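A quick note: this is a predicted structure, and the numbers were derived from the prediction, not measured.
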Amino acid sequence: MNIKLLSVPIAVLLLLSVLLISGCQTHNTKSTNLTTNQNAEDQVTVEQMLSLASNQLNKTLPKMIDTETRLDNSYVKGNRFYYKSTLLNYYVDNMDVDVFNEEMSENTGNYICNSSDMLFFKENKIILVYSYYDDDAKFISDVIIDTGACDKLTSASSDTEE
């Protein structure tokens with residue numbers, strides 16, 4: 001299994017997220033500027049915006065991301081945004097799950113933490129969870145990216161570059 005090929009679907013998933021969330025980000029700015037005459041119930045929470053983005057994304061799913069990856073659904077729990085994907089023609093029994101998880105975590109984390117497109121997630125400390133299943137619907141791995149830790153990751157990488 002070529003792990004590098006799988007980083008392309010992650011970029012596509014992230015792009016979908018950014019597009020959906022960026023529309024909500026404008027709404028978030030408006031909600032924080034509500035006049036004092038409006039009730040707190042009128043304010044839109046980050047979780048509600050994430051749920052809206054997930055619902056919009058799910059209307060287009062399932063969708064093939066590439067020849068090997070199908071994005072099946074997404075959902076939100078608290079400050080976590082979940083993506084469930086199936087790796088077609090791959091089977092967990094034939095994979096080195098530790099290598100898969102390590103490579104995907106590193107590639108995805110680096111992209112998210114260094115991308116200005118992911119600002120909404122980072123500012124709101126959203127945890128992104130990419131759940132992968134094999135062609136027999138057996139669980140492979142969760143790749144978890146805590147955007148709240150991005151400052152530590154990016155400052156650590158800039159320290160080592162000096």
Side-chain angles (χ1 to χ4, degrees), residues 1-25 45-158 160:
M1 175 177 171
N2 187 345
I3 300 298
K4 295 193 188 282
L5 289 177
L6 294 176
S7 62
V8 173
I10 294 297
V12 172
L13 290 174
L14 295 173
L15 180 59
L16 285 172
S17 299
V18 169
L19 293 174
L20 291 170
I21 298 298
S22 64
C24 296
Q25 191 170 8
T45 66
V46 171
E47 183 176 356
Q48 289 169 327
M49 290 188 300
L50 291 172
S51 292
L52 176 63
S54 175
N55 290 339
Q56 291 298 317
L57 178 60
N58 286 336
K59 289 178 183 178
T60 68
L61 302 179
K63 178 185 276 187
M64 292 301 298
I65 302 302
D66 62 19
T67 58
E68 303 172 329
T69 311
R70 182 184 67 225
L71 177 58
D72 298 315
N73 68 7
S74 68
Y75 61 97
V76 174
K77 282 187 181 177
N79 74 328
R80 290 180 177 242
F81 197 100
Y82 292 81
Y83 298 95
K84 180 180 179 256
S85 295
T86 300
L87 297 179
L88 304 175
N89 302 311
Y90 288 94
Y91 302 92
V92 69
D93 296 335
N94 298 330
M95 297 174 67
D96 185 332
V97 174
D98 292 334
V99 170
F100 172 83
N101 198 37
E102 184 178 324
E103 290 289 321
M104 293 300 284
S105 295
E106 184 178 332
N107 292 339
T108 306
N110 284 338
Y111 174 79
I112 290 169
C113 290
N114 293 307
S115 174
S116 60
D117 292 337
M118 302 305 289
L119 188 59
F120 177 85
F121 292 105
K122 292 184 282 190
E123 286 179 342
N124 291 287
K125 297 180 172 54
I126 306 302
I127 297 172
L128 301 170
V129 181
Y130 298 90
S131 298
Y132 291 96
Y133 292 80
D134 73 6
D135 211 9
D136 286 333
K138 291 182 184 175
F139 177 74
I140 297 172
S141 178
D142 279 337
V143 174
I144 301 171
I145 308 299
D146 181 356
T147 63
C150 281
D151 289 340
K152 295 174 191 167
L153 294 174
T154 54
S155 65
S157 66
S158 65
T160 58

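Residues Y90 and Y132 place their aromatic rings such that the two centres sit no closer than 6.0 Å.
Remark: side-chain polar atoms of S115 are not paired, donor with acceptor, to backbone N or O of I112 under 3.5 angstrom. No donor-acceptor pair under 3.5 Å is formed between the side chain of D136 and the backbone N or O of K138. Side chain of T86 to main chain of R70: no donor-acceptor pair is present (N/O by atom type, distance under 3.5 Å, no hydrogens or angles). Between the K122 side chain and the D151 main chain, no donor and acceptor come within less than 3.5 Å of each other. Side-chain N or O atoms of N114 include one that pairs as donor or acceptor with a backbone N or O of N110 at under 3.5 Å. For the pair D135 (side chain) and N89 (backbone), a donor-acceptor distance under 3.5 Å is present.
With rounding to the nearest 0.5 angstrom, the CE atom of M49 is 8.0 Å from the CD1 atom of I126. Rounding to the nearest 0.5 Å gives a distance of 4.0 Å between OG of S74 and CZ of F81. Distance CD/E102 to OG/S105: 8.0 Å, rounded to 0.5 Å. Note that CD1 of I144 and CD1 of I127 are 8.0 Å apart. Values are rounded to the nearest 0.5 Å.
Across all non-hydrogen atoms, the minimal contact from N101 to S141 is OD1-OG, 2.9 Å. The minimum heavy-atom distance between T69 and S85, with the atom names listed, is CG2-CB, 4.2 Å. Of all non-hydrogen atoms in M104 and T108, the two that sit nearest each other are O-OG1, 2.7 Å. The two residues S54 and V76 make their nearest non-hydrogen contact at CB-CG2, 3.9 Å. Taking every heavy atom of both residues into account, Y133 and I140 meet most closely at C-CD1, 3.5 Å.
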- [ ] Show your working on side chain to side chain contact (heavy atoms under 4.5 Å, CB included) between L128 and M118 and close with a plain yes or no.
- [x] CA-CA 11 Å; L128 301 170; M118 302 305 289; 4.1 Å; yes
Open item on the list: Run F120 and L50 through side chain to side chain contact (heavy atoms under 4.5 Å, CB included) and show every step you take.
Closed with: CA-CA 10 Å; F120 177 85; L50 291 172; 4.0 Å; yes
TODO: Could you please spell out the steps behind the side chain to side chain contact (heavy atoms under 4.5 Å, CB included) verdict for L61 and D72?
DONE: CA-CA 6 Å; L61 302 179; D72 298 315; over 6 Å; no
- [ ] Give the C-alpha distance, both sets of side-chain angles, the deciding distance and a yes or no for side chain to side chain contact (heavy atoms under 4.5 Å, CB included) between L87 and D134.
- [x] CA-CA 5 Å; L87 297 179; D134 73 6; 5.8 Å; no
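K59 pairs by the side-chain contact (heavy atoms from CB on, under 4.5 Å) definition with Q56, not counting sequence neighbours. With sequence neighbours excluded, no residue forms a side chain to side chain donor-acceptor pair (under 3.5 Å) with T147. Every side-chain contact (heavy atoms from CB on, under 4.5 Å) that K77 has, sequence neighbours left out, goes to Y75, Y82.
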